[in-house]
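Comments concern the structure below.
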Amino acid sequence: MPKPLMETYSPPEEIFVKGEGVYLFEKGGGKYLDFISGIAVNALGHAHPKAVKALKDQAEKLWHTSNMFRVPGQIELAEKYCRDSFADRVFFTNSGAEAMECALKTARHYWYAKGRPDKYRIITFTGAFHGRTYGAINAGGNPKYLEGFGPRMEGFDQIEFGDMEELKAAITEETAAICLEPLQGEGGVRPFPDATLREIRRLCDAHELLLIYDEVQSGAGRTGKLWAHEWAGEAKPDIMAVAKGVGGGFPMGACLTTDACGEHMVVGTHGSTFGGNPLAMAVGNVVYDELTREGFLDHVVEVANFFGQQLEWLKDAHSAKVEEVRGRGLLLGLKLKEGYVNKALAKHARDNHLLIGAAGDNVARMAPPLVIEEAHARQAVEALDAALSELEPG
Ligand SMILES: *Cc1c(COP(=O)(O)O)cnc(C)c1O
């Protein structure tokens with residue numbers, strides 16, 4: 001990494017200069033199949049013509065006014081989000097961490113406004129990831145991300161992933177909300193079973209707790225439903241953070257809430273200079289219209305079923321190295337057996353011109369553009385087959 005940058009990442013040698021559909025291109029023309037898409041971001045692939053046109057058209061009209069003036073694109077997009085979800089109100093942000101900050105603040109402010117400022121604690125689960133701001137690392141609770149950044153923030157209680165008894169025992173009079181990713185991404189592509197989500201919703205109702213979903217990674221059609229929690233039926237949240245895929249590659253996110261929660265976020269309680277800026281809204285509206293276009297999500301389900309089956313085949317073919325296939329829709333992971341390293345598999349995949357990612361729990365993560373076809377899935381499986389064959393212990 002060249003000197004002027006903080007070395008917070010360790011990217012590989014390849015430098016990409018162009019993207020087209022599901023492929024990325026190096027300067028010299030080297031072509032790679034992109035099955036990570038900026039970590040579940042480029043939902044429509046790279047340089048989708050409609051998104052490019054929307055961004056160009058808006059760029060020629062108006063870039064920025066800040067939220068001191070109305071941005072019509074915000075109202076248009078917020079209406080669409082509310083039309084198709086539990087939500088009644090939306091706050092736009094630039095990122096997932098900011099969407100989570102808004103979600104956490106909204107939950108605490110709800111109880112404050114109800115005269116219960118003592119109800120501020122938020123329960124989260126091991127393996128959670130909510131972003132890298134101070135609030136988000138404390139909510140996420142990953143010791144690796146917290147170490148060296150001063151005292152832990154008060155008010156977060158973390159319990160074992162999916163342990164319902166521990167969850168029940170952790171609820172007190174001070175608990176404001178339970179917060180979770182319906183399908184954990186960074187934590188290792190680990191879904192909450194649908195029945196567990198419904199049970200947690202019932203628990204929240206019984207104890208008058210708010211339910212916060214972080215669908216930054218699992219949302220925006222990633223699992224074949226617009227929002228991953230829809231698979232569980234009666235398990236709607238009160239507050240939900242979204243980002244990544246909703247902008248299709250333009251940095252944007254949003255915090256969605258019910259009226260009951262959102263109505264307390266009044267003038268002065270929260271803000272953002274850039275959040276929901278006209279460029280982001282131009283792209284966000286086009287991305288959303290595509291995601292909700294007739295047949296789009298059916299395609300995601302179909303191609304995901306095919307790809308998932310192929311990964312099961314790979315697991316059987318490399319059973320000494322692959323422990324299990326995880327995930328849902330087009331957020332999928334291969335958990336490797338002890339002794340084999342996910343990052344090494346990603347390197348071998350790259351050598352075979354396939355881009356994948358790594359997640360926690362030694363999982364190789366795949367989150368291709370939602371517009372992939374069966375042929376791309378087949379090509380990815382061939383490259384993974386070769387990469388797994390080349391993978392050595394260590
Ligand atoms: C990526 C991610 C975030 C943080 O989003 P940023 O845009 O990087 O701030 C939060 N929650 C989940 C589940 C994520 O996957």
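As the structure lists them, so they are numbered: ligands from 1, and atoms in each ligand from 1.
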Part of Ser95 within contact of ligand 1 (heavy atoms, under 4.0 Å) =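 Both backbone and side chain.
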Is it the side chain (CB and beyond), the backbone, both or neither of Glu215 that lies under 4.0 Å from ligand 1, heavy atoms counted?
->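 Neither part.
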What is the ring orientation for Phe86 with His229, classed by angle as parallel under 30°, tilted 30 to 60°, or perpendicular over 60°?
->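 Ring orientation of Phe86 relative to His229: perpendicular.
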Describe, in one word, how the ring planes of Phe161 and Phe125 are oriented to each other, choosing from parallel (under 30°), tilted (30 to 60°) and perpendicular (over 60°).
->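 Rings of Phe161 and Phe125: perpendicular, as their planes differ by over 60°.
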Are any of the N or O atoms of [X] closer than 3.5 Å to those of ligand 1?
X	result
Ala97	yes
Gln217	yes
Met100	no
Gly96	yes

Within this structure, what is the [atom1]-[atom2] distance for the pair [X] and [Y], rounded to the nearest 0.5 Å?
X	Y	atom1	atom2	result
Leu211	Arg202	CG	CZ	12.5 Å
Lys31	Lys18	NZ	NZ	9.5 Å
Met164	Ile200	CE	CD1	4.5 Å

Go through ligand 1 atom by atom and flag the ones less than 4.0 Å from a non-hydrogen atom of [X].
X	answer
Lys244	1 (C), 2 (C), 3 (C), 14 (C), 15 (O)
Asp214	10 (C), 11 (N), 12 (C), 13 (C)
Glu181	13 (C)

Any protein heavy atom < 4.0 Å from atom 8 (O) of ligand 1 |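 There is no protein heavy atom less than 4.0 Å from atom 8 (O) of ligand 1.
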Passing option when His270 is tested against Glu98, Glu101, Lys105 for side chain to side chain donor-acceptor pair (under 3.5 Å) =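 For His270, the side chain to side chain donor-acceptor pair (under 3.5 Å) check succeeds only for Lys105.
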Taking NZ, NE, NH1 and NH2 as the nitrogens, is one of them in Lys50 or Glu290 under 4.0 Å from a carboxylate oxygen of the other?
->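 Yes.
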